[in-house]
Structures are given as C-alpha cells and as structure tokens.
Amino acid sequence: MSDNQSTKRLWRDVRVFDGHNTLPERMAVIVEGERVTNLTPMSRLDEALASECREMGRGGVMTPGLVDCHTHLVFGGGRADEFEKRLEGASYEEIAQAGGGILSTVRSTREASEEELFEVAVPRLQAMIADGMTTVEIKSGYGLTVEDELKMLRVARHLGETLPVRVTTTLLGAHALPPEFQDDSDGYIDLVCHEMIPAAAKQGLVDAVDVFCEKIAFSVAQCERVFQAAREYGLPIKAHAEQLSNLGGTTLAARYGALSADHIEYLDEAGVAALREAGSTAVLLPGAFHTLRETKLPPIAALREAGVPIALATDANPGSSPIFSPTLMLNFACILFRLTPQEALAGMTAHGARALGRNELGRIYVGGPADLCLWNIDTAAELAYAVQAGRLKQRIFRGEVSHEN
C-alpha cells in the first residue's frame, strides 16, 4: 500500500446531505487527514485519483456528524421520583418550589467527586456518540458554587480529551438560586459575575456563558449583569429563555449578540425579530417539550418567515429531558413541532454548529472537517421518519472511523 493510500479514504456512491440540503446526484467523498478534500458526483469521479485511495464504503446516506448544541450531560444522581410526581399531576414549577428539580441534582452533584461525575457521564456520552453525534456542548449549572461549577467544567473538558468527540463547554452558573442565597438572588449574581466567570475564564475551562431567564430562576436585569460580565472576558453568551413564560430574555440576549436563545416556546414576534436582527440561532428542545408535556408550541412559522436559523438539541439532563439519543430528537421535532425532516437534520448539523459559534462544523464541503456519518438508509428523511437503533454504519471523527457497524 502506498503512502497516499494510507491517508486518502474514499466513499463511493453515497447520497450526501451537506448540512442544508441533499445533493441531487450520488457522490464520491474523499478524505485526507482530518479534511474532506474531494466531493464529486460519481459521474465525474477521476478513477486515477480513486485508485490512490483506500475505499471505505459504498452506498447509504452520508451526513455531517451530528451536533448537539445544548446538553447538561455532567450531573450526579437522578430524578426518576420527579418523573412519577409529574405523571401524578405535579408541575415543573411545583416540584422546583418544593426543593426538587434543579436543586435536587445540585445536592447530588456537589457530593460527587470529579472521578464519579466522569464515570457516570461516560455512558451517556457514549450512547450519543453511537447515535452519530460528533460535537456536543456540555453545560455546568448543577454546582452553583465557584468550585463545584469549575469541577463540572473540568469533567466536561476531560470527556472531550478522552472520548472521540468535540466538546464545547458552557458556564451556566445562573441556572438556579442555591440554598445559601435563597434570600439574596442579587448576591448570588454578584458571585457569578465577580468570581465564577473570572475563575472559569482564567483557567480556560469555558467557551460560552449561559443563563436561565425565567420567573423560577433569574430576572432579565440579573441576566443582563451576567452578560456584561461575560463580555468583559470576551465570552459569547447564550440563554435559556421563554420556556415557561415571556419575560423578554430572548430580546435581551439578542441585544448582546447571543449565539442562541434556547427553548423559546413562549417567544413573541418582537423576540423573533430580535433574533433575526442579531443573527442569533433559535434552539428547539423537543425532548423537554415532550417530557414536561408542554402544549405551547414555539413560533416555528414566524421563525421560518423571518429566516432565523433553527437548531435542534437533546437538552439531555436528569429532569426535563433524560434522553440521550440525537436521532430521536429528529423524529420529535417533526412530530411535535412539524419541522420537515430536512429542517430537523439541518437543525442538528449546520444550524447546531452555528448555535455554538462553530460554523465550520456540521457541514460537508471541500476543505471542511471530516466529521461524518454514513447511515445504512436510502434517504436522509429516514433518520427522522423512523426511531431505530443500528442505522449508523460508520462514524468518522477527525478523518478516522471511530464506529463501524
């Protein structure tokens, strides 16, 4: 085998979804090193070039590696008891007010060591990798002290260093009010702004800063303080906004040039316009919509009409979306939100990458990263149409096949 054959890899006769659309002809895809170097219709493939390559597969559908732009994968404990309470009629807010919800996970996460958090996070992440995910965002937010938030971020970084996956980290210190600050929410925001964000930034543990702007969490004014602190350290911002009510968190986030506003079931026309003007991405989280049995639909038609990019994510977390399957979200988005299969798949590839500020990811193009998935299906729509394990034939990460079925 020649040196070229050891570095050039060829996939023949594949249907390619490039992150936005399915290409009209069957394609040949060549990867060299960590990059896609050739994307050619089969009718125009240079067989002399093909002879220099190691052939890796034929047929099927090739997509970019899936991008999950909103998860809470690092946490201690579980909340199956709250699942039962919700089925008996308790609301998300009632459970939170009774000391459950996020604060229940906070207690378990504080008690866990870094090693324990890493060990329980690995199988969650492995399940998502086996479902085609190559890039994942992992938030903190279950520590709510400086050291416990940094602990979560260190675990997230370690996951990305250990497993074949790109991990981006987001500091979500403003996730909930910890017990120590129950009567002093402004004091806790001081801690987030003046100690937590600086420490995470100085230690290189954080890629973005998030907030939960909601009446059970933090006010618009408090979230703005967090955004201002993030700006001081050159960190992009994101927001959990308009999930349970319309407080205007999305409009605020857009004013600060947010990468994304996430959940947004209660988003109004002003918020849609703000996202459009800012170039921010709307992130839909159908797993939480499903688990919480929400009935208020996000303003999909208005987002489409405004041309706001729509991303999709699992929101994998112990309470409101204990779901670790990216392809299941494609189905949920189509069934629950009436996205087309193409919109859903773009939402978990190109638009998901955009929501992380990583526009180079989530697409297949010459010169682009060779993060790819080859699926044993005939059309890209089948990924959203059916809920079925075992369809991933190959997962290619940084040019190397990291999963093969």
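These numbers come from a predicted model, not from an experiment. Quick note: residue numbers are just sequence positions, from 1.
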Has [X] got a side-chain atom pairing as donor or acceptor with [Y]'s backbone, closer than 3.5 angstrom?
{"X": "R391", "Y": "N376", "answer": "no"}
{"X": "Y266", "Y": "L297", "answer": "no"}
{"X": "E111", "Y": "S108", "answer": "no"}
{"X": "T327", "Y": "D131", "answer": "no"}
{"X": "E294", "Y": "K296", "answer": "yes"}
{"X": "E94", "Y": "S91", "answer": "yes"}
{"X": "E149", "Y": "S140", "answer": "no"}
{"X": "E195", "Y": "V146", "answer": "no"}
{"X": "R79", "Y": "G101", "answer": "yes"}
{"X": "S402", "Y": "I396", "answer": "no"}

Salt-bridge present ([X], [Y]; N to O < 4.0 Å):
{"X": "E55", "Y": "R12", "answer": "yes"}
{"X": "D371", "Y": "R398", "answer": "no"}
{"X": "R9", "Y": "E400", "answer": "yes"}
{"X": "E360", "Y": "R363", "answer": "no"}
{"X": "E224", "Y": "R255", "answer": "yes"}

Side chains of [X] and [Y] only: does a donor on one sit below 3.5 Å from an acceptor on the other?
{"X": "T71", "Y": "E137", "answer": "no"}
{"X": "E265", "Y": "Q243", "answer": "no"}
{"X": "Q228", "Y": "Y256", "answer": "yes"}
{"X": "K215", "Y": "S245", "answer": "no"}
{"X": "H240", "Y": "H175", "answer": "no"}
{"X": "R110", "Y": "T145", "answer": "no"}
{"X": "R157", "Y": "T169", "answer": "yes"}
{"X": "D210", "Y": "T170", "answer": "no"}
{"X": "W375", "Y": "Q394", "answer": "no"}
{"X": "D207", "Y": "T168", "answer": "no"}

* Asked: Does F332 have its ring centroid less than 6.0 Å away from the ring centroid of F289?
  -> no
Determine whether [X] and [Y] make a side-chain contact, defined as any pair of heavy atoms from C-beta on separated by less than 4.5 Å.
{"X": "I95", "Y": "K85", "answer": "yes"}
{"X": "P341", "Y": "L383", "answer": "no"}
{"X": "F17", "Y": "T349", "answer": "yes"}

* To do: Can you sort out the partners of T291 under side-chain hydrogen bond (donor to acceptor under 3.5 Å, both in side chains), two or more places apart, ordered by chain and number?
  => none
* To do: For A306, check side-chain contact (heavy atoms from CB on, under 4.5 Å) against everything at least two apart and list the hits.
  => V272, R276, V308
In this structure, are over 12 heavy atoms from other groups packed under 6.0 Å from [X] atom [atom1]?
{"X": "E305", "atom1": "CD", "result": "no"}
{"X": "D183", "atom1": "CG", "result": "no"}
{"X": "Y233", "atom1": "OH", "result": "yes"}
{"X": "E269", "atom1": "CD", "result": "no"}
{"X": "Y365", "atom1": "OH", "result": "yes"}

* Test side-chain contact (heavy atoms from CB on, under 4.5 Å) applied to I364 and M62, step by step -> CA-CA 9 Å; I364 300 176; M62 181 171 280; 3.9 Å; yes
* Structure fact -> The side-chain hydrogen bond (donor to acceptor under 3.5 Å, both in side chains) partner of E114 among R154, H158, K151 is R154
* Let me see the working for R15 and D378 under salt bridge (charged side-chain N to carboxylate O under 4.0 Å, His left out), right down to the final yes or no. => CA-CA 8 Å; R15 288 284 184 196; D378 295 320; over 6 Å; no
* Asked: Where do Q342 and T22 land on the side chain to side chain donor-acceptor pair (under 3.5 Å) test, with the steps shown first?
  -> CA-CA 8 Å; Q342 181 170 288; T22 297; 4.9 Å; no
* To do: Mind checking the CG-OG1 spacing from L372 to T134? Nearest 0.5 Å is all I need.
  => 8.0 Å
